[in-house]
Amino acid sequence: MSTGLAYFTVVLVWATTPLAIKWSAEGGAAAGSLMLRMLIATALGILLLWCSGGRMRWHRRALLGYLAAVPGVFGAMALTYRASASVPSGLMSVMYGLAPLLSGLMLQCLPGSVRLRGWHWAGCVIGVIGLAVIFSDALVGGGRLVAVLMLFGGVCLFCGSAIAVQRAAAGQPPLNQTLGALILSLPCFVVMWLLSGEPTAVPLTARGLWAVLYLSLFGSLLGFLCYYLVLSRLPAATVALITLMTPVLALGLGMWLNGEQPALSMLVGAGLIVVALGAYLYGDRRGMRRAPVVEP
């Protein structure tokens, strides 16, 4: 696959995933639709690995990488699906757009990490202000605060898990890492579904069924594979621009296709977070330009 096509695929998948999550859970069975999504994605991943002639690796380092991904797969997805009933799909994308900022802040607590510069800290401050505006809107929105807190918790788990995977699973093939995380997370999804009290036959609307299939193939499998492909071919700062584009696209898709009408304060908060992400990524690019060139 060409780099341009892979990049476009990641942007499209990440922009449409929040809306697909909302549609897949509109039958009132968030846990069941999530479990079904992951079950199908795991089966497709095993089939893809077999067709490509690969095999799973279960040595200690690989297993540590799979385990490190479980909070980001199970924890983040469980909280996001639970929150999807109360928050607009565009807000989900905006909150996950905070991932680079949160990851940068988390890395400051770890030894050997690159220190944040002025533009990074400016982005973090603007992001906190935007987050505060969104939380203030949730307080007025009647019962939405808990959902926004769950969504934010899911983003934190996603970021922390990504950092742990990066440190524990260096050199692991992308398909193996994705499939290993799905295999270890699947029992957690099944247990959550059984404890949820939802009906055994997962109630899905026609639109919800297509959303589950879309999320299984693209959201859980192809999107991650294309992301890892792009990450291996392009500078990290260029890849990070994806997180700047997807919140804007997701907000537009939610209003266009799902009739969502976010409050003005929520749009202001979302705008501040996008500006914050832009400032943070600008700091990355300035840091790259100022980095000393080492002669061979």
Item to check | CG-OG distance between Leu145 and Ser86, expressed to the nearest 0.5 angstrom | outcome: 11.0 Å
Checklist outcome for this item: Rounded to the nearest 0.5 Å, the CE atom of Met266 sits from the CG atom of Leu91 at a distance of 5.0 Å
Checklist entry - Given the rule in the side-chain contact (heavy atoms from CB on, under 4.5 Å) test, do Val212 and Ile40 qualify, once you have shown the distances and angles that lead to the verdict? => result CA-CA 9 Å; Val212 168; Ile40 296 173; 4.3 Å; yes
Item to check | Close side-chain approach of Ser185 and Met38, heavy atoms under 4.5 Å | outcome: no
Next on the checklist: Can you give me the closest heavy-atom contact between Ser52 and Leu175, atom names plus distance?
Outcome noted: OG-CD2, 4.4 Å
Next on the checklist: Show the nearest heavy-atom pair for residues Ala78 and Met192, with the distance to one decimal.
Outcome noted: CB-SD, 3.7 Å
Checklist entry - Under a single-linkage definition using a 4.5 Å side-chain heavy-atom cutoff for Ile, Leu, Val, Met, Phe, Trp and Tyr, are Leu225 and Phe8 assigned to the same hydrophobic cluster? => result no
Checklist outcome for this item: OH (Tyr214) and CG (Leu222) are apart, to the nearest 0.5 Å, by 9.0 Å
Item to check | Student check: side-chain heavy atoms of Thr17 and Phe218 closer than 4.5 Å | outcome: no
Checklist entry - How far apart are the C-alpha atoms of Leu105 and Trp121, what are their side-chain angles, what is the distance that settles it, and do they pass the side-chain contact (heavy atoms from CB on, under 4.5 Å) test? => result CA-CA 9 Å; Leu105 290 174; Trp121 285 112; 3.5 Å; yes
Checklist entry - Would a 4.5 Å heavy-atom cut-off, applied to side chains only, mark Pro100 and Leu277 as touching? => result yes
Next on the checklist: Using 0.5 Å steps for rounding, measure from the CG atom of Leu98 to the SG atom of Cys124.
Outcome noted: 9.5 Å
Next on the checklist: Give me the atom names and distance for the closest heavy-atom approach of Ala211 to Ala20.
Outcome noted: CB-O, 3.4 Å
Next on the checklist: Nearest 0.5 angstrom please: Met35 CE to Trp193 CH2, how far?
Outcome noted: 4.0 Å
Item to check | Pairwise side-chain contact, Leu36 with Leu204, heavy-atom cut-off 4.5 Å (strictly under) | outcome: yes
Next on the checklist: If I compare all heavy atoms of Ile21 with all of Ser84, which pair ends up nearest, and what's the gap?
Outcome noted: CG2-CB, 3.9 Å
Checklist entry - Sub-3.5 Å donor-acceptor pair from the side chain of Glu260 to the main-chain atoms of Ser89, do we have one? => result yes
Next on the checklist: Are Leu184 and Leu63 packed together at the side-chain level, in the sense that at least one heavy-atom pair is separated by less than 4.5 angstrom?
Outcome noted: yes
Checklist entry - For Lys22 and Asn258, which heavy atoms make the closest approach, and how far apart are they? => result CD-ND2, 3.8 Å
Checklist entry - If two hydrophobic side chains count as joined below 4.5 Å and joins carry through other members, does Val248 share a cluster with Val11? => result yes
Checklist entry - Can Leu194 be reached from Phe74 by stepping across I, L, V, M, F, W or Y side chains whose heavy atoms are under 4.5 Å apart? => result yes
Checklist entry - Should Ile273 and Pro247 count as side-chain neighbours, where that means a heavy-atom distance under 4.5 Å? => result no
Item to check | Glu198 side-chain N/O to Ala31 backbone N/O, donor-acceptor pair under 3.5 Å | outcome: yes
Checklist entry - Is there a donor in the side chain of Tyr66 and an acceptor in the side chain of Arg57, or the other way round, less than 3.5 Å apart? => result no
Checklist entry - In Å, rounded to the nearest 0.5 Å, how long is the span from CZ of Arg82 to CE of Met77? => result 15.5 Å
Checklist entry - Is there a path from Leu186 to Leu221 through hydrophobic residues (I, L, V, M, F, W, Y) whose side chains come within less than 4.5 Å of each other? => result yes
Checklist entry - Is there a path from Leu149 to Met95 through hydrophobic residues (I, L, V, M, F, W, Y) whose side chains come within less than 4.5 Å of each other? => result yes
Next on the checklist: One pair to check against side-chain contact (heavy atoms from CB on, under 4.5 Å): Thr80 and Phe158. What are the steps and the verdict?
Outcome noted: CA-CA 11 Å; Thr80 300; Phe158 175 79; over 6 Å; no
Checklist entry - Within a strict 4.5 Å, meaning less than it, do heavy atoms of the Ile183 and Trp58 side chains meet? => result yes
Next on the checklist: Assess the residue pair Leu251 and Ser93 against the criterion (side-chain contact (heavy atoms from CB on, under 4.5 Å)); give the C-alpha distance rounded to whole Å, side-chain angles, the decisive distance to 0.1 Å, and a yes or no.
Outcome noted: CA-CA 8 Å; Leu251 280 167; Ser93 185; over 6 Å; no
Item to check | Check: Ser161 side chain, Ala68 main-chain N or O, donor-acceptor pair, under 3.5 Å | outcome: yes
Item to check | Any side-chain heavy-atom pair of Ser24 and Leu215 under 4.5 Å | outcome: yes
Next on the checklist: Which label fits Tyr227 and Trp14: parallel for a plane angle under 30°, tilted from 30 to 60°, or perpendicular past 60°?
Outcome noted: tilted
Item to check | Distance-minimising heavy-atom pair for Ala76 and Gly154 | outcome: CB-O, 3.3 Å
